[in-house]
Amino acid sequence: MISEQTKALFDREVAKYPASQKQSAVMACLQIVQQERGFVSAESEKLVAEYLGMAPIAVHEVTTFYNMYNQQPVGKYKLNVCTNLPCQLRDGAKALQHLEHKLGVAMGETTKDGMFTLQQSECLGACADSPVMLVNDIHMCSFMSNEKLDQLIDGLKSAEA
Amino acid sequence: QFAATGVQTCFHGRHINPQILANLDGSNWHLGDYESRGGYQALRKILGQDGGAGLTPDQVIAEVKAGGLRGRGGAGFPTGLKWSFMPRQFPGQKYLVCNSDEGEPGTCKDRDIMQYNPHSVIEGMAIAAYAMGISVGYNYIHGEIFATYQRFEAALDEARAAGLLGDNILGSSFNFQLHAAHGFGAYICGEETGLLESLEGKKGQPRFKPPFPASFGLYGKPTTINNTETFAAVPWIIRNGGAAYLECGKPNNGGTKIYSVSGDVELPGNYEVPMGTPFAKLLELAGGVRKGRTLKAVIPGGSSSPVLPASIMMECTMDYDSIAKAGSMLGSGAVIVMDDSRCMVESLKRLSYFYMHESCGQCTPCREGTGWLWRVVDRIHNGLGRQSDLDLLNSVADNIQGRTICALGDAAAMPVRAMIKHYRHEFEAMIPKNTSQLA
Ligand SMILES: NC(=O)C1=CN([C@@H]2O[C@H](COP(=O)(O)OP(=O)(O)OC[C@H]3O[C@@H](n4cnc5c(N)ncnc54)[C@H](O)[C@@H]3O)[C@@H](O)[C@H]2O)C=CC1
Ligand SMILES: Cc1cc2nc3c(=O)[nH]c(=O)nc-3n(C[C@H](O)[C@H](O)[C@H](O)COP(=O)(O)O)c2cc1C
Ligand code: SF4
Ligand code: FES
């Protein structure tokens with residue numbers, strides 16, 4: 001089921017495109033679904049497909065092509081650390097290692113308590129602020145020294161406790 | 001909790017004659033602020049809403065041509081010329097698209113433009129739409145900078161409410177609807193035809209060119225695509241005239257350019273300086289090489305551009321022609337600085353991984369070749385390289401370059417060849433001496 005609230009968000013996106021081109025809103029609709037439900041399930045894909053008049057497989061192609069869609073559930077906080085070259089030159093890879101250590105998981109994994117998923121990512125478009133990390137697809141955290149990473153993780157953990 | 005911290009990459013006052021990033025402080029992005037900096041005067045001028053006679057579409061294009069503005073997305077294609085390709089009398093819908101999918105490693109300028117001066121892009125797009133007789137436009141924004149997408153939408157709302165977008169703009173007969181769209185993590189959608197596919201709600205796999213978007217673009221209709229910075233430059237040109245714009249750069253390279261300086265410098269950030277500024281000056285603005293070390297190499301135009309050793313780079317000026325003459329490209333203006341402690345094999349390994357990861361998989365040379373390049377560089381880096389590997393890398397790169405649908409293939413191949421050309425000894429030093437040629 002799609003809630004009325006979600007429908008309103010979908011409609012806002014659909015309205016940007018010609019009436020015959022509703023499919024153009026698929027990227028945005030999937031992003032909205034992901035914000036709400038944490039990931040894009042096959043069922044969500046079907047709902048979006050129906051809403052936009054697309055074949056479910058066409059929606060699935062989009063989910064799988066773009067890196068930021070979660071095809072499986074992720075932790076409450078998805079942490080994406082950029083390790084591309086410009087960031088690597090300014091401790092991007094070290095930030096990732098530090099988090100692996102601190103959270104006790106390897107890149108790509110989720111902590112046992114389901115709080116954090118740690119991923120490496122390609123250029124986030126914030127190279128001069130390295131080390132940079134994107135949290136839950138939306139919050140860009142800049143200049144993440146080890147101390148700042150510790151602060152952030154500890155803060156999130158204690159807010160949860 | 002996640003308050004963006006210390007993002008001050010463009011508020012440092014170390015620009016030279018800035019046109020786009022002038023007088024910004026992070027909070028003055030609103031419509032009123034933009035207007036107090038002279039914003040929307042250019043739009044009023046062309047529409048004849050400033051008491052003058054207005055400009056015809058041809059006059060607008062002529063002004064942009066006279067300014068020598070070249071596409072800031074990387075290829076440096078003359079913007080006025082591109083605009084003149086749009087079929088003027090086309091009976092159906094035409095589209096205008098802004099390419100804000102900034103994903104070229106090292107590049108972070110479009111984000112600052114849209115975050116801190118979004119109306120410059122809106123006004124530039126409105127002027128372009130007027131010049132080409134286009135009534136609908138989209139700005140496609142990199143998915144990773146979602147906050148910037150939200151900022152841009154807020155700016156669009158301001159412009160609509162003030163009658164600067166929509167029907168009968170400023171009381172004239174000019175209509176232009178502008179919307180924001182976003183990507184979601186695919187570098188290839190920065191390639192203009194990949195972007196169009198994505199905007200149509202599909203996988204972002206590039207199309208064959210030609211036909212260029214000017215004849216077959218969004219939904220198959222004539223479309224003009226320009227980079228964010230290209231559009232943001234337009235209001236200044238119309239306000240001050242093409243001649244003044246050309247004047248502040250150098251011949252064939254008009255205006256200012258924003259360079260994203262990253263890597264081993266003291267003060268990484270965005271620097272807006274006139275075209276033709278010496279590289280040495282730009283390095284100085286960015287605080288010089290970090291920790292007093294020595295400059296080793298520079299990747300002058302984003303990760304796809306060939307690396308240049310310090311000695312060559314220090315002789316260059318920052319403009320399309322000088323960098324091309326030195327054997328590289330100005331590209332997106334992302335200047336990646338490396339000091340003398342950097343291992344080139346490791347650097348190339350990371351770049352090769354990126355291209356492998358981002359290849360869209362349509363063309364065999366790119367899909368297979370990028371993975372092959374990465375595997376070979378990886379084994380060299382792990383001390384398992386073979387004597388024949390450098391020739392192999394060059395041959396794989398040769399077989400990708402020029403044989404693919406889009407330029408990602410070239411972008412993967414060129415850095416490999418340049419790294420081996422300039423730093424062959426570093427690769428050789430990592431390869432065990434006694435491996436058989438046949439291994
Ligand atoms: N800003 C960024 O994040 C990135 C930028 N790049 C840059 O992109 C560049 C390659 O881009 P491409 O679009 O493949 O370059 P291109 O040379 O094919 O095209 C440049 C522009 O001119 C137009 N154009 C060229 N010839 C035309 C003709 N005969 N008729 C009509 N229009 C024509 C194209 O449509 C396009 O908009 C590279 O130089 C690289 O530096 C690459 C990766 C990322
Ligand atoms: C792999 C690849 C990625 C690209 N990424 C971008 C990008 O992120 N932003 C951009 O403006 N142009 C990018 N381009 C260049 C565009 O295809 C196109 O040339 C540009 O948007 C045209 O705008 P301009 O004339 O204003 O430069 C990319 C090209 C390739 C081959
Ligand atoms: S060159 Fe690579 S990225 Fe470009 S279309 Fe071919 S496979 Fe896709
Ligand atoms: S390289 Fe890390 S944000 Fe661009």
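Because only heavy atoms are used, hydrogens play no part in the values below, and waters and symmetry mates are left out as well, while side chains stay in. Every chain is numbered from 1, with letters handed out A, B, ... down the list of sequences.
Shown here for B/I145 and A/G125, the closest heavy-atom pair between the two residues is CG2-O, 4.4 Å. Between B/H182 and A/M27, the shortest heavy-atom contact is O-CE, 3.7 Å. Closest approach of B/Y95 and A/P18 over heavy atoms only: OH-CG, 3.5 Å. Residues B/G201 and A/V62 come closest through the heavy atom pair O-CG2, 3.5 Å. Nearest heavy-atom pair across A/C123 and B/G103 is CB-O, 3.7 Å. Shortest non-hydrogen contact noted between B/G204 and A/F65 is N-CE2, 3.2 Å.
Heavy atoms of B/Q115 lying under 4.5 Å from chain A are absent altogether. Within the 4.5 angstrom heavy-atom criterion, atoms from both the backbone and the side chain of B/L199 approach chain A. Contacts between B/E346 and chain A at a heavy-atom distance below 4.5 Å involve backbone atoms as well as side-chain atoms. Neither the backbone nor the side chain of B/A334 comes within less than 4.5 Å of any heavy atom in chain A. Heavy atoms closer than 4.5 Å to chain A are found nowhere in B/S303, neither backbone nor side chain. Looking at B/I188, only its side chain comes within 4.5 Å of chain A, counting heavy atoms on both sides. Of the atoms belonging to A/L124, heavy atoms from both backbone and side chain fall under 4.5 Å from chain B. Interface residue B/H142: only side-chain heavy atoms are found under 4.5 Å from chain A. Interface residue B/V337: only backbone heavy atoms are found under 4.5 Å from chain A. Neither the backbone nor the side chain of A/M133 comes within less than 4.5 Å of any heavy atom of chain B. If you measure heavy-atom distances from B/I299 to chain A, the contacts under 4.5 Å come from the side chain alone. Looking at A/Q151, there are no atoms closer than 4.5 Å to chain B (heavy atoms on both sides), in backbone or side chain.
Annotation: side chain of A/V26 is not in contact with side chain of B/K202 (no heavy-atom distance under 4.5 Å). In this structure the side chain of A/D129 reaches within 4.5 angstrom of the side chain of B/R111, judged on heavy atoms. For the pair A/M68/B/E144, a side-chain contact is recorded, criterion being any heavy-atom separation below 4.5 Å from C-beta on.
Checking A/T83 against B/R350 by side-chain atom types alone, a donor-acceptor pair falls below 3.5 Å. Looking only at atom types and distance, the side chain of A/Y66 has a donor-acceptor partner in the side chain of B/S198 under 3.5 Å away.
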**Request:** For A/T64 and B/K203, run side-chain contact (heavy atoms from CB on, under 4.5 Å): C-alpha distance rounded to whole Å, both residues' side-chain angles, the deciding distance at 0.1 Å, then the answer.
**Result:** CA-CA 9 Å; A/T64 51; B/K203 291 190 282 188; 5.9 Å; no
**Prompt:** Going through the checks in order, is the side-chain contact (heavy atoms from CB on, under 4.5 Å) test met by B/Y353 and A/Q120?
**Reply:** CA-CA 12 Å; B/Y353 177 84; A/Q120 97 168 349; 3.5 Å; yes
**Message:** Is there a side-chain contact (heavy atoms from CB on, under 4.5 Å) between A/D137 and B/F184? Walk through the geometry before answering.
**Reply:** CA-CA 9 Å; A/D137 309 326; B/F184 222 55; 4.0 Å; yes
**Item:** Test side-chain contact (heavy atoms from CB on, under 4.5 Å) applied to A/E122 and B/Y187, step by step
**Value:** CA-CA 9 Å; A/E122 296 305 338; B/Y187 167 68; over 6 Å; no
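The residue among B/R290, B/K349, B/Q177 with the most heavy atom pairs within less than 4.5 Å of chain A is B/R290. The candidate from B/V265, B/L267, B/D339 with the greatest count of non-hydrogen atom pairs under 4.5 Å with chain A is B/V265. Among the candidates B/Q93, B/Q150, B/H357, B/E102, the residue making the largest number of heavy-atom pairs closer than 4.5 Å to chain A is B/H357.
A/K102 NZ: more than 12 foreign heavy atoms inside a 6.0 Å radius. Environment of CD in A/E160: crowded, with over 12 heavy atoms of neighbouring residues, nucleotides or ligands closer than 6.0 Å.
Note on ring orientation: taking the six-membered ring where Trp is involved, the planes of B/Y138 and A/Y17 are parallel (angle under 30°, cut-offs 30° and 60°).
Listed for the B/R342 side chain is a donor-acceptor partner under 3.5 Å among the backbone atoms of A/L89. With B/S262 contributing its side chain and A/A128 its backbone, the two residues share no donor-acceptor pair below 3.5 Å.
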